[in-house]
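To find a chain, count down the sequence lines: A is the first, B the second, and so on, and within it residues start at 1.
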There are 2 protein chains.
Amino acid sequence: MVARYELIADDLREGILSGAHPVGSQLPSEAELAERYGAARGTVRQAVAVLVAEGLVGSRQGARRIVLGAARSQSFAELHSFAQWARAGGHRFGGQVVGQRRRPASAAESARLGGEEVLEVLRLRTLEGEPVLVERTVYAGWVAPAVEALPADCESVTEALYEAVGLVFAYGEHLIDAVAAGAQDARLLGVRRGSPLLRQRRVTTTHEGRPVESSDDRYRAGSVAFSIRNSIGANPLVRQALDLRSAAGEHMFDS
Amino acid sequence: MVARYELIADDLREGILSGAHPVGSQLPSEAELAERYGAARGTVRQAVAVLVAEGLVGSRQGARRIVLGAARSQSFAELHSFAQWARAGGHRFGGQVVGQRRRPASAAESARLGGEEVLEVLRLRTLEGEPVLVERTVYAGWVAPAVEALPADCESVTEALYEAVGLVFAYGEHLIDAVAAGAQDARLLGVRRGSPLLRQRRVTTTHEGRPVESSDDRYRAGSVAFSIRNSIGANPLVRQALDLRSAAGEHMFDS
DNA sequence: TAGTGGTCTAGACCACTGT
DNA sequence: CAGTGGTCTAGACCACTAT
């Protein structure tokens with residue numbers, strides 16, 4: 001069942017991408033759209049809200065909405081899963097488990113993931129044949145058996161876990177910064193020690209809010225960037241100071 | 001005029017932060033909230049949607065909403081403006097213009113900002129007394145006079161421009177990656193050449209979609225991170241491949 | 001099967017923009 | 001001032017979850 005407002009949003013989005021609503025132009029009024037699509041104003045508003053959330057359209061009270069850009073937006077899955085992101089972008093990609101072991105959870109990991117044992121996995125991923133990403137993932141004990149059952153060259157862990165045990169990654173918290181490559185990073189990525197890496201740390205949970213994994217992913221500089229569009233009044237990405245000196249991290253990420 | 005749904009959202013948010021609705025617990029049903037606040041269900045839904053967008057609350061059809069976290073979310077202004085962000089976080093901060101000059105726009109800048117002349121400004125910003133950020137900003141010609149009129153140690157350019165000429169930064173597009181410090185970066189930030197920096201490139205526009213500035217901001221590693229919470233079905237931050245080899249950048253950022 | 005969130009309608013009033 | 005988007009209501013039906 002696809003919602004009416006989704007269909008309208010799709011149609012408007014296509015109009016933007018195809019140039020029927022060029023960047024900088026005004027969108028038709030809500031009343032006009034409601035008539036065109038034979039829908040109530042509320043439904044049209046819901047459709048337009050989707051485009052606003054995607055950053056394609058800007059909105060202010062009293063004035064017509066304007067088209068801000070024509071870049072397509074990606075899904076949660078594409079942010080969460082390297083494989084799904086790379087596939088959607090038409091990239092050649094691969095992955096390989098480099099090391100994997102069960103070990104007792106540290107105090108912080110236990111608080112973050114629950115349980116007393118975790119599974120630690122080190123993966124190297126390639127894009128267009130080049131190594132670009134080192135993933136150090138710590139899985140909660142309860143998913144460890146399912147993860148261990150995966151092949152070492154599993155393309156998409158996210159998809160495989162869904163198919164194997166119906167596990168859905170639903171929520172994520174991400175922290176993005178830059179770090180110098182360590183010895184292991186450097187060896188795996190083929191860069192010099194100390195060279196810049198883009199780091200994405202994250203904790204992912206199920207629909208119920210149950211933590212599944214915590215990961216430290218490091219991209220070779222120049223291979224990948226994060227992109228965001230925002231507007232006054234709607235903006236989920238935030239800066240965070242990293243406490244240069246004062247009392248240490250109460251933050252969830254401390255590895 | 002503060003909207004009803006904002007007040008309800010504020011109240012619910014405070015309940016989450018104060019522990020009345022602890023992380024992992026269920027939120028009251030929409031019907032219950034509607035009765036409690038004496039509002040229609042639609043209004044309550046709008047309030048809860050705010051919390052969902054902030055990542056504080058998770059939502060799925062058929063089940064009660066659950067509380068995901070208690071971190072406060074920040075505003076567009078706080079992402080856009082170093083001063084407003086630092087002030088909201090209670091940090092000590094400062095800034096200083098290091099260099100500034102008008103020059104002809106490159107072809108890319110002309111396409112991005114409009115006009116044939118731009119104003120280029122190099123600023124160094126400090127956090128807790130330490131230099132942490134080098135800002136290289138290119139302003140569109142039409143705002144150049146207003147920017148040049150600012151004092152060299154202006155704390156908040158965003159606020160000053162609003163007060164001086166009523167300019168509002170309304171929309172932004174950001175690209176986040178890691179780079180090695182160049183000679184100038186290294187000298188200004190007090191780090192070694194080649195050490196990792198977190199880079200945020202952005203283009204900002206007015207309400208009308210008119211481009212105002214394009215900037216390349218570089219943070220010393222370990223000083224600042226970007227943070228995001230997301231969920232299946234709502235997610236504005238995306239990865240972007242940086243084209244290791246194939247034909248060069250059609251992307252808007254190419255400086 | 002009852003409860004809950006998701007979708008949709010029809011209409012009202014208000015705040016703001018543009019002319 | 002007319003037009004437009006923002007807020008709010010009251011009620012209906014549907015899809016999904018939990019028991």
Closest heavy-atom contact between B:Tyr5 and B:Ala47?
-> O-CB, 3.3 Å
Respond yes when some side-chain nitrogen or oxygen of B:Arg65 is under 4.0 Å from OP1 or OP2 of C:dG3, and no when none is.
->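 No.
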Reported CD1-to-CG distance for the pair A:Ile176 and A:Asp217, which is rounded to 0.5 angstrom = 10.5 Å
Nearest 0.5 Å please: distance from the CG atom of A:Leu51 over to the CG atom of A:Leu27.
-> 7.5 Å
Pairing of [X] and [Y] as salt bridge, 4.0 angstrom limit:
| X | Y | value |
| --- | --- | --- |
| A:Arg65 | A:Glu30 | yes |
| B:Glu120 | B:Arg136 | no |
| A:Glu173 | A:Arg112 | no |

Starting at [atom1] of [X] and ending at [atom2] of [N], how long is that distance when rounded to a whole Å?
| X | N | atom1 | atom2 | value |
| --- | --- | --- | --- | --- |
| B:Leu33 | C:dT4 | CG | C1' | 12 Å |
| B:Tyr37 | D:dT7 | OH | P | 18 Å |
| A:Arg64 | D:dG6 | CZ | C1' | 16 Å |
| A:Gln46 | C:dG6 | CD | P | 10 Å |
| A:Glu30 | C:dC16 | CD | P | 17 Å |
| B:Arg4 | C:dA15 | CZ | C1' | 18 Å |
| B:Tyr5 | D:dG6 | OH | P | 9 Å |
| B:Ile8 | D:dT7 | CD1 | P | 12 Å |

Measure from the side-chain heavy atoms of B:Ala3 and tell me the nearest of D:dG5, D:dT7, C:dT9.
-> D:dT7
Of the nucleotides C:dT9, C:dG6, D:dG5, which one has an atom closest to the side chain of A:Thr43?
-> C:dT9
Base, sugar-phosphate, or nothing for B:Arg45, non-hydrogen atoms under 4.0 angstrom?
->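 Base: the residue B:Arg45, judged by heavy atoms under 4.0 Å, touches a nucleobase.
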Would you classify A:Ala31 as touching base, sugar-phosphate or nothing, given that sugar-phosphate means primed atoms plus P, OP1 and OP2, and contacts are heavy atoms under 4.0 Å?
->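 Nothing: the residue A:Ala31, judged by heavy atoms under 4.0 Å, touches no strand.
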Donor + acceptor pair across side chains of A:Thr204, A:Glu213 (<3.5 Å) |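 Indeed, the side chains of A:Thr204 and A:Glu213 share at least one donor-acceptor pair under 3.5 Å.
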The contact string for nucleotides 11-19 of chain D, one letter per nucleotide 5' to 3', using protein heavy atoms under 4.0 Å with B, S and - for base, sugar-phosphate only and none, comes out as -B--BBSS-
